[in-house]
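Side chains are part of it too, since the values below use all heavy atoms of this structure and drop only hydrogens, waters and symmetry mates.
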Amino acid sequence: MQLLGLILLLLGGGALAALSQRLHRNAPRWLALGVIAAAALYLLAIPVGAAEQAAWIPRFGISLILAMDGLSYAMVALTLFLGLIAIVSSWSEVNESPGFFQFNLLWTLAGVVGVFTALDLFLFFVFWEVMLVPMYFLIAIWGHEARAYAAMKFFLFTQISGLLMLFAMLTLVYLNYQASGVITFAYADLLHAEIDPGYAFLLMLGFFVAFVVKLPGVPFHTWLPDAHTQAPTAGSVILAGILLKTGAYGLLRFVVPLFPEAALDFRWPAMLLGAVSVIYGGYLAFSQSDFKRLVAYSSISHMGFVLLGVFAWNTVAVQGAVVQMVAHGFSTAALFMMAGALQQRLHTREMGQMGGLWLKAPRMGAVALFFVAASLGMPGLGNFVGEFMVLVGAFQVDVPLTIAAAIGIIIAAVYALSLMQRSFQGEPNPAVAAMPDFGFRELSVMILMMVALVWLGVYPETLLNLSAPVVAQLGFTP
Amino acid sequence: MTALDFQALAPHLTLTGGTLVVLLAVSFWRSRRTTLALTLLSLTAAFIALWPGLDAGPRAVTPLLMLDAYAAFFNGLFILIGAVTALLVHRYLQGRAGSQEEFHVLLLVATLGAMTLASAQHFAALLLGLEILSISLYAMVAYPEEDNPPLEAALKYLVLSGVGSTVMLFGMALIYHATGALGFAELAAFVATGDRADLWLTAGQVLFIIGIAFKLSLIPFHMWTPDVYQGAPAPVTGYLATVSKAAAFAVLLRFAVDARLLDLSGAGAVPVATLFAVIAVLSMVVGNVLALLQDSVKRLLAYSSIAHVGYLMIALLVLGVLPNEAMAVETALMFLAGYLAMTLAAFAVVSELSAAAVGERDRIAEYRGLFWRHPLLASVLTAALLSLAGIPLTAGFIAKFYLFAAGVEGALWGLLWAMIVGSAISIYYYLKIVFAMTVRGADAPAIPASFAGLATATVLGVVVLALGIYPTPLIELASDIAQGLRLTP
């Protein structure tokens, strides 16, 4: 019960953190930090390939099946790493009900770890929703001015698409029951379900929509700018860094293996959505004046590459998509932390009220420049590797779409540099008085993420070796 | 009547005895605490008597009642809800004007009526149970003195429920005219051999369904529901939303299974199935849409209960299309168990907050900041609302999951889509309340909650979560009961 133990550790730690508020107002932070650190150490003890199973609701063939292959391992590691970052980044931001805040944070992480390890469709759906509710509270309680609207929109988009997925899931299970006479929600059994191609296509769409909403891909992206902008910093970090990845993970883990033929039939429309997301997300990012909103739109653009890569259907592109998932997790999380740090200091996210900040906070400026460069795809950093591999793979399949997506990288340079220009460079804004620079806490976290991005950019094999066996099993063309 | 008959009737008899004891006690010695204690004692005794009753085996006592596991399941639930209501009402009436002890007598009688409905296998018993339940409820709704809304609500309920009963009675008369039978089993015998396309029979069925739809407050027979829910005292609204709904459905389901009159796949029966499907879809969609417009929590929960009974109709309709009838019954039992737990949990919180000092807490605005004033009550209400919205790890999710599973198996695609649309709409208004509770700095007065109220609400909240996290024991129970239902003579 190693994997279940990991999830229970986070859940139990969350409950303790909520209670510990009565002892001391700083207790929840330290406790949450300790729990994540313990979970990270615990993860090191879990071998890749760990799997476990226990009965849960035998009436419907539902079991607690958890397993961790290379892809899951990479994603869980990213989750815990960014969870740690999120707690540190919100260290001085959250002063109201810190206990309940850490509770929600840890429960979201537990849900995400569950999503990345569950191999029973019912269990997967449960975790899918478990990560949703606490995230709703994070936005609704500790969010910024328009939090009510943003939180509701986030919940509705995810929940409604989740209902479609549940519907598709149950139909799949029932069709498999008709064919084989066994009711089961186990992933391994459903992999071999024989389904009528017409049904398979509809079911595939049900899953696809749920995951693309989360990813998010155009035209299901409209919840993202609101949710990301309104969420507290830790919420944005987790949303952009981890929650979006569950959509991409779902595509790789469920859509492709469960409905290979149907998904292959849907290849071109999906790639088109990916390319459109890349360009449209970048275009919208460029037209934002809100620092955080710009970063949010850039996420849509970056996640478009993941969609493109998965449906390019060859090993290079899918591996690229995996790298892009992880790299985007670091770079965007860092930019959201930057936005949070600026808001805490200047009480605004409007770039019109910034300008020339480098002079006042050179360390912040340098860090921002690094992550802006990562975001625009500077070679040597992780994002470049991911986007390049996706483009190489997609080029073999569809040249026009690849060219379109490549143009997206140019757009990325435009919006990313304009972000840098409008906030840190240019004429110093006279309205901004002195502003404290990054201290040890913030700087150390940022350096950690820089190291991760450089590592990923220079030696992506660490990650590629983890995910290679998983990708090989999916049956993509080499 | 043999000794075994009396044993089978033990829960009913115990509760009747308990009612008399409480009535006498109230007549001679008025004490809020003693009355509550005696009421809880009677309910506990009746609950314990369920087991000797079950030992007597599935047993038809007179042609009117069938005491089997199915009846015991519902009786147990009704007794538990009765106990919860007694606890809630104790605090609710505290400090309110008028004598308060008689309420418990009404509550016990109403519970007895609901138990009669759950075991009815004959039109006479059905009517008897329904009237015992309804007449007690009229008085319970109107109970608080010096208050106009309850009186208005009771009058509306009295008139419209009376109309419903009349229509149903006329339907029964027509069915009797066509078949010459009043017992469910005799009707089944007629269905097997007689002329099912008879016009009188169809008309009778339609009127019967309209009557029961009034009781279940399905759209378009729901007009009384929001007003009565809003006007009634909160604990009574909770009782109304749970016991009276579940009892009406329990008898409807037994009727559908035993009498085969709703044998939906049969010839001449198409209009009945269609009628139910239309009513169900209307309830799910319109109920949820109307709930969106409410700013009163009780009205909102009224529309949400309309929608939930609409969902429940899926369990009834799959009865006609599934080869495996037990699955339909199991689905209905699981859904009702979840529905009762979460609805009662929500009303327990509303009731606990509506103490005499502050009056009925009904507007959503009055729930602002509840998380910071009453974390425990707010958590229970959140669990109940998320459960109503069908979020996993709550009873409501398992309930909806069952309906989904049964609906997919029965290929009721239209109804399933209506349920998806309805659930999607419903998330918005449940979250509206949850969000209101998280708002900071609201200046509503914080009143201390009573221990009994807190404990009751907490237990209900835990039940909602427990049923969602580990439903297997309940599933096994429901499955056994469903398997046994058709086997009883």
Side-chain angles (χ1 to χ4, degrees), chain A residues 11 18 21 55-60 62 64 96-97 99-100 107 111 114 122-133 136-143 147-149 151-164 166-175 177-178 183 185 206, chain B residues 327 330 334 369 371-372 375 378-379 382-383 385-386 389-394 397-398 400-411 413 416-417 419-432 434-441 468-479:
Chain A
L11 292 176
Q21 193 188 332
W56 185 16
I57 308 178
R59 175 74 178 79
F60 288 103
I62 295 166
L64 290 170
E96 285 174 323
S97 321
F100 193 46
W107 276 53
F122 185 91
L123 185 65
F124 173 78
F125 184 77
V126 166
F127 283 126
W128 185 260
E129 306 268 313
V130 166
M131 65 182 186
L132 168 65
V133 177
Y136 167 82
F137 280 119
L138 282 181
I139 302 175
I141 301 180
W142 293 275
R147 59 182 181 276
Y149 174 76
M152 181 69 83
K153 201 168 172 182
F154 165 71
F155 200 101
L156 282 179
F157 266 77
T158 322
Q159 177 66 20
I160 292 173
S161 60
L163 277 176
L164 283 181
L166 180 66
F167 191 31
M169 222 176 244
L170 273 164
T171 314
L172 170 67
V173 167
Y174 179 65
L175 290 175
Y177 168 62
Q178 272 191 327
I183 295 192
F185 278 79
Chain B
M327 176 64 184
E330 186 183 333
M334 288 300 293
F371 253 108
W372 318 115
S379 304
T382 304
L385 291 171
L386 291 179
I391 305 294
L393 298 184
T394 62
F397 176 66
I398 299 295
K400 278 206 183 114
F401 178 79
Y402 250 100
L403 287 183
F404 257 120
V408 167
E409 204 174 335
W413 304 115
L416 286 181
W417 277 110
M419 181 157 101
I420 291 181
V421 171
S423 307
I425 299 172
S426 73
I427 296 163
Y428 181 81
Y429 59 80
Y430 294 128
L431 277 189
K432 206 162 68 173
V434 173
F435 183 78
M437 290 195 290
T438 66
V439 172
R440 282 175 193 287
I469 293 169
Y470 193 62
T472 303
L474 186 68
I475 289 177
E476 281 167 4
L477 181 67
S479 176

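Contact of the Phe137(A) side chain with the Phe371(B) side chain is registered, since non-hydrogen atoms from C-beta on lie closer than 4.5 Å. Counting only heavy atoms from C-beta outward, the side chains of Ile141(A) and Arg440(B) approach each other to under 4.5 Å.
For Leu166(A), the part sitting under 4.5 Å from any heavy atom of chain B is the side chain, from C-beta outward, and nothing else. Residue Ile420(B) touches chain A through both its backbone and its side chain, counting heavy-atom pairs closer than 4.5 Å. For Val133(A), the part lying under 4.5 angstrom from a heavy atom of chain B is the side chain only. Contact of Leu132(A) with chain B is not made at all, since no heavy-atom distance falls under 4.5 Å. In this structure, chain B has a heavy atom under 4.5 Å from the side chain of Leu164(A), while its backbone stays farther away. Both the backbone and the side chain of Glu96(A) come within less than 4.5 Å of a heavy atom in chain B.
To the nearest 0.5 Å, atoms CG (Leu170(A)) and CG (Leu416(B)) are separated by 9.0 Å. Separating the CZ atom in Phe155(A) from the CD1 atom in Ile427(B) is a distance of 6.0 Å, to the nearest 0.5 Å. Remark: Arg59(A) CZ to Leu474(B) CG distance equals 12.0 Å, nearest 0.5 Å.
The two residues Ile160(A) and Ala424(B) have their closest heavy-atom pair at CG1-CB, 3.6 Å. Heavy atoms only, all atoms of each residue included: Ser423(B) and Leu163(A) are closest at CB-CD1, 3.9 Å. In this structure, Ala140(A) and Thr438(B) approach most closely via the heavy-atom pair O-OG1, 4.3 Å. Here the closest non-hydrogen pair linking Gly390(B) and Gln159(A) is O-NE2, 4.4 Å.
Chain B forms the most heavy-atom pairs under 4.5 Å with one residue out of Gly162(A), Ser97(A), Ala151(A), and that residue is Ser97(A). Interface remark: of the candidates Ile391(B), Leu431(B), Thr472(B), Leu431(B) forms the most heavy-atom pairs closer than 4.5 Å to chain A.
No more than 12 heavy atoms of other residues, nucleotides or ligands shown are found within 6.0 angstrom of OH on Tyr177(A).
Using a 30° and 60° split on the angle between ring planes, Phe401(B) and Phe185(A) fall in the tilted class, from 30° to 60°.
The distance between the ring centers of Phe122(A) and Phe397(B) falls below 6.0 angstrom. Ring-centre distance between Tyr402(B) and Phe60(A): below the 6.0 Å cut-off.
In this structure, Trp56(A) contributes its side chain and Ile469(B) its backbone to a donor-acceptor pair below 3.5 Å.
Remark: Glu476(B) pairs with no residue by the side chain to side chain donor-acceptor pair (under 3.5 Å) rule, at least two apart or across chains.
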